[in-house]
A.B. asks: 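One structure coming up, written as structure tokens, with questions to follow.
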Protein chains: 2
Amino acid sequence: MTVVDRKQLIIDAATKSFSLFGYKATTMDQVSKIANVGKGTIYTFFVNKEELFKEIVGKLIEDMIKKANSTIDPEKSFSENLHYVLYEILQFRRQHQLMIKLIQEEQEMKTPAVSDMLQEIEDAIVSFISENISIAIKKQYIKQCNPELTAFVAFRLYISLISDWEKHHQPLEKEEIADLFELYFIKGLSKENG
Amino acid sequence: MTVVDRKQLIIDAATKSFSLFGYKATTMDQVSKIANVGKGTIYTFFVNKEELFKEIVGKLIEDMIKKANSTIDPEKSFSENLHYVLYEILQFRRQHQLMIKLIQEEQEMKTPAVSDMLQEIEDAIVSFISENISIAIKKQYIKQCNPELTAFVAFRLYISLISDWEKHHQPLEKEEIADLFELYFIKGLSKENG
DNA sequence: TAATTGACCACTTTGTTCATTTGGTCAATA
DNA sequence: TATTGACCAAATGAACAAAGTGGTCAATTA
């Protein structure tokens with residue numbers, strides 16, 4: 001056991017920098033400075049910048065799925081669970097921030113490493129949502145529908161609300177986002193419902 | 001009454017050139033040559049290149065909205081009309097040569113004048129949908145909601161279904177899209193509805 | 001001796017220079 | 001009076017120079 005966990009120091013520093021400046025604008029020198037570590041040390045833990053990035057994004061996906069899973073309560077309704085999961089994910093400032101920064105970087109400079117990772121994040125999230133939608137359909141909590149397509153649409157709705165809308169308008173509060181999700185996606189706009 | 005309408009000649013020439021080469025790659029010299037007009041003549045009708053561009057894009061927006069409006073059928077339901085309008089707009093975006101060229105130019109060189117105009121086009125679309133949503137709320141066809149945000153989300157959701165989904169999956173048929181849009185956006189997934 | 005480091009290097013990105021091109025003007029022209 | 005194209009200042013981009021970056025490794029620590 002070492003006095004300080006240098007690997008964790010590096011991961012924390014890199015996460016901070018990626019979230020703040022994005023992938024391209026983060027230099028390995030910078031990361032080593034923030035982590036109070038020699039630049040070479042980074043390369044004893046990670047083969048290169050992209051692998052360091054992958055580890056962080058992988059962790060982000062893992063944490064998000066884990067957190068979401070732990071929030072799901074089989075006793076509760078689908079819409080309630082969706083609400084809680086969404087709310088929980090919106091709580092993660094750091095991860096949220098990194099995600100927003102990456103979407104931004106993807107859109108305005110198309111850094112290949114970033115595009116790849118965002119695709120990976122999307123696949124993981126869509127696949128997770130898809131599984132849960134399948135379960136909800138089986139249990140007859142929601143209507144029959146294509147789980148993957150529905151998960152895809154839900155994810156896009158989420159991105160629209162957290163990232164795209166903010167480009168030209170006041171950002172939405174997390175309560176607002178959760179409520180809107182419920183209105184547009186669960187209840188629907190039809191007058192006959194809820 | 002002049003023998004030839006020089007202003008229209010210029011507009012036609014510029015439209016042709018913008019559609020073929022984009023905004024940046026179109027020179028005023030070129031436009032004057034295509035229009036068979038002295039370069040100076042252009043400046044008796046338009047203060048500068050950007051204003052000429054704006055006039056053409058303004059016309060494009062007008063045509064698009066006109067087209068969208070003509071698809072609205074008061075006999076049909078709100079959701080059907082929304083679907084038709086959005087479908088018509090996306091078809092327009094997809095088929096109109098100038099639109100295609102501008103989207104391409106935006107993506108690969110981010111010419112500011114082009115970005116501005118594309119934003120204006122999107123704003124016009126969202127604003128048009130927003131107005132129709134406001135009417136639908138007043139007539140109590142749908143629930144109370146923020147019309148602008150709802151229009152924005154509807155537009156995004158539609159693009160997701162019609163364009164983004166195709167990037168990694170089998171394209172959806174027009175009827176499928178209509179059904180899905182109705183399911184996700186209007187009825188909602190809740191079992192209690194529809 | 002195993003872990004750590006930062007000077008170092010090949011390569012990329014960014015800044016600078018300057019000839020060419022382009023948007024826009026206006027005196028000459030029809 | 002409407003139209004024009006030679007003309008000019010400003011914008012552009014090609015070519016080169018300077019600075020910055022990812023990644024390595026011999027020297028240094030603990």
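By convention in this document, chain letters (A, B, ...) are assigned in the order of the sequence lines, proteins followed by strands, and residues within each chain are numbered from 1.
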A.B. asks: Of the options Q95(B), R94(B), E88(B), which is the one that meets Q91(B) in a side-chain hydrogen bond (donor to acceptor under 3.5 Å, both in side chains)?
C.D. replies: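 Only one of Q95(B), R94(B), E88(B) forms a side-chain hydrogen bond (donor to acceptor under 3.5 Å, both in side chains) with Q91(B), namely Q95(B).
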
A.B. asks: For E51(B), enumerate each residue passing the salt bridge (charged side-chain N to carboxylate O under 4.0 Å, His left out) test, keeping only those at least two apart in sequence or located in another chain.
C.D. replies: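 For E51(B) the salt bridge (charged side-chain N to carboxylate O under 4.0 Å, His left out) partners, ignoring immediate neighbours, are K54(B).
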
A.B. asks: Can a side chain N or O of R6(B) be found less than 4.0 Å away from OP1 or OP2 on dT3(D)?
C.D. replies: yes

A.B. asks: For the pair made of CG in L9(B) and C1' in dA2(D), what is the distance, rounded to whole Å?
C.D. replies: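 Going from L9(B) (CG) to dA2(D) (C1'), I get 15 Å.
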
A.B. asks: Just wondering, do Y184(B) and L149(A) contact through their side chains at under 4.5 Å, heavy atoms?
C.D. replies: yes

A.B. asks: Given dT4(C), dG23(C), dG23(D), identify the nucleotide with an atom nearest to the side chain of N48(A).
C.D. replies: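 That would be dG23(D).
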
A.B. asks: Quick test of your reading: applying ring pair (Phe, Tyr, Trp, His ring centres under 6.0 Å), list the pairs with at least one residue in residues 154-179 of chain B, sequence neighbours left out, ordered by first then second residue.
C.D. replies: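 Applying ring pair (Phe, Tyr, Trp, His ring centres under 6.0 Å) to every pair that reaches into residues 154-179 of chain B, excluding sequence neighbours, yields F152(A)-W165(B), H83(B)-Y158(B), Y158(B)-F181(B), W165(B)-H169(B).
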
A.B. asks: What pairs with S134(A) under side chain to side chain donor-acceptor pair (under 3.5 Å), at least two apart in sequence or on another chain?
C.D. replies: none

A.B. asks: Within the 4.5 Å heavy-atom criterion, are L161(B) and R156(A) side-chain neighbours or not?
C.D. replies: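 Counting from C-beta outward, L161(B) and R156(A) never come under 4.5 Å.
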
A.B. asks: List the atom pairs, with distances to 0.1 Å, where a side-chain N or O of residues 11-24 of chain B and a protein N or O form a donor-acceptor pair under 3.5 Å, not counting sequence neighbours.
C.D. replies:
{"residue": "D12(B)", "atom": "OD1", "partner": "Q8(B)", "partner atom": "NE2", "Å": "3.0"}
{"residue": "T15(B)", "atom": "OG1", "partner": "I11(B)", "partner atom": "O", "Å": "2.7"}
{"residue": "S17(B)", "atom": "OG", "partner": "T26(B)", "partner atom": "OG1", "Å": "2.8"}
{"residue": "S17(B)", "atom": "OG", "partner": "Q30(B)", "partner atom": "OE1", "Å": "2.9"}
{"residue": "S19(B)", "atom": "OG", "partner": "T15(B)", "partner atom": "O", "Å": "2.7"}

A.B. asks: Above 12 or not: heavy atoms from other molecules or residues under 6.0 Å from OH of Y141(B)?
C.D. replies: no

A.B. asks: Does anything in residues 102-121 of chain A reach DNA chain C, meaning a heavy atom under 4.0 Å, and if so which residues?
C.D. replies: none

A.B. asks: Kindly state each residue pair satisfying salt bridge (charged side-chain N to carboxylate O under 4.0 Å, His left out) with at least one member in residues 70-82 of chain A, sequence neighbours excluded.
C.D. replies: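 Qualifying pairs: D73(A)-K76(A).
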
A.B. asks: Please report how far the helix from dT1(C)-dA30(D) to dA30(C)-dT1(D) bends, comparing the axis fitted to its first five pairs with the axis fitted to its last five, to the nearest 10 degrees.
C.D. replies: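 That helix gives 30° between its end axes.
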
A.B. asks: Return a table of donor-acceptor pairs under 3.5 angstrom between the side chains of residues 34-46 of chain A and protein atoms on other chains or two or more places apart.
C.D. replies:
{"residue": "T41(A)", "atom": "OG1", "partner": "G38(A)", "partner atom": "O", "Å": "3.3"}
{"residue": "T44(A)", "atom": "OG1", "partner": "T41(A)", "partner atom": "O", "Å": "2.6"}

A.B. asks: What pairs meet the side chain to side chain donor-acceptor pair (under 3.5 Å) rule with one or both residues in residues 99-116 of chain A, with sequence neighbours excluded?
C.D. replies: E105(A)-T111(A), E106(A)-S115(A), Q107(A)-K167(A)

A.B. asks: Counting primed atoms plus P, OP1 and OP2 as sugar-phosphate and everything else as base, spell out the protein contacts along nucleotides 24-30 of chain D at 4.0 Å heavy-atom distance: B, S or - for each nucleotide, 5' to 3'.
C.D. replies: BB-----

A.B. asks: If you find the nucleotide of DNA chain D closest to T44(B) and the one closest to Y23(A), which residue's nucleotide is nearer the 5' end?
C.D. replies: T44(B)

A.B. asks: Report all side-chain donor-acceptor pairs from residues 62-70 of chain B shorter than 3.5 Å, counting only partners two or more places apart or in another chain.
C.D. replies:
{"residue": "S70(B)", "atom": "OG", "partner": "K67(B)", "partner atom": "O", "Å": "2.7"}

A.B. asks: Would you call K7(B) and E55(B) a salt bridge, taking side-chain N to carboxylate O under 4.0 Å as the test?
C.D. replies: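 Salt bridge between K7(B) and E55(B), a charged N being under 4.0 Å from a carboxylate O: yes.
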
A.B. asks: What pairs of nitrogen or oxygen atoms, one from the protein and one from nucleotides 11-15 of chain C, lie under 3.5 Å apart?
C.D. replies:
none

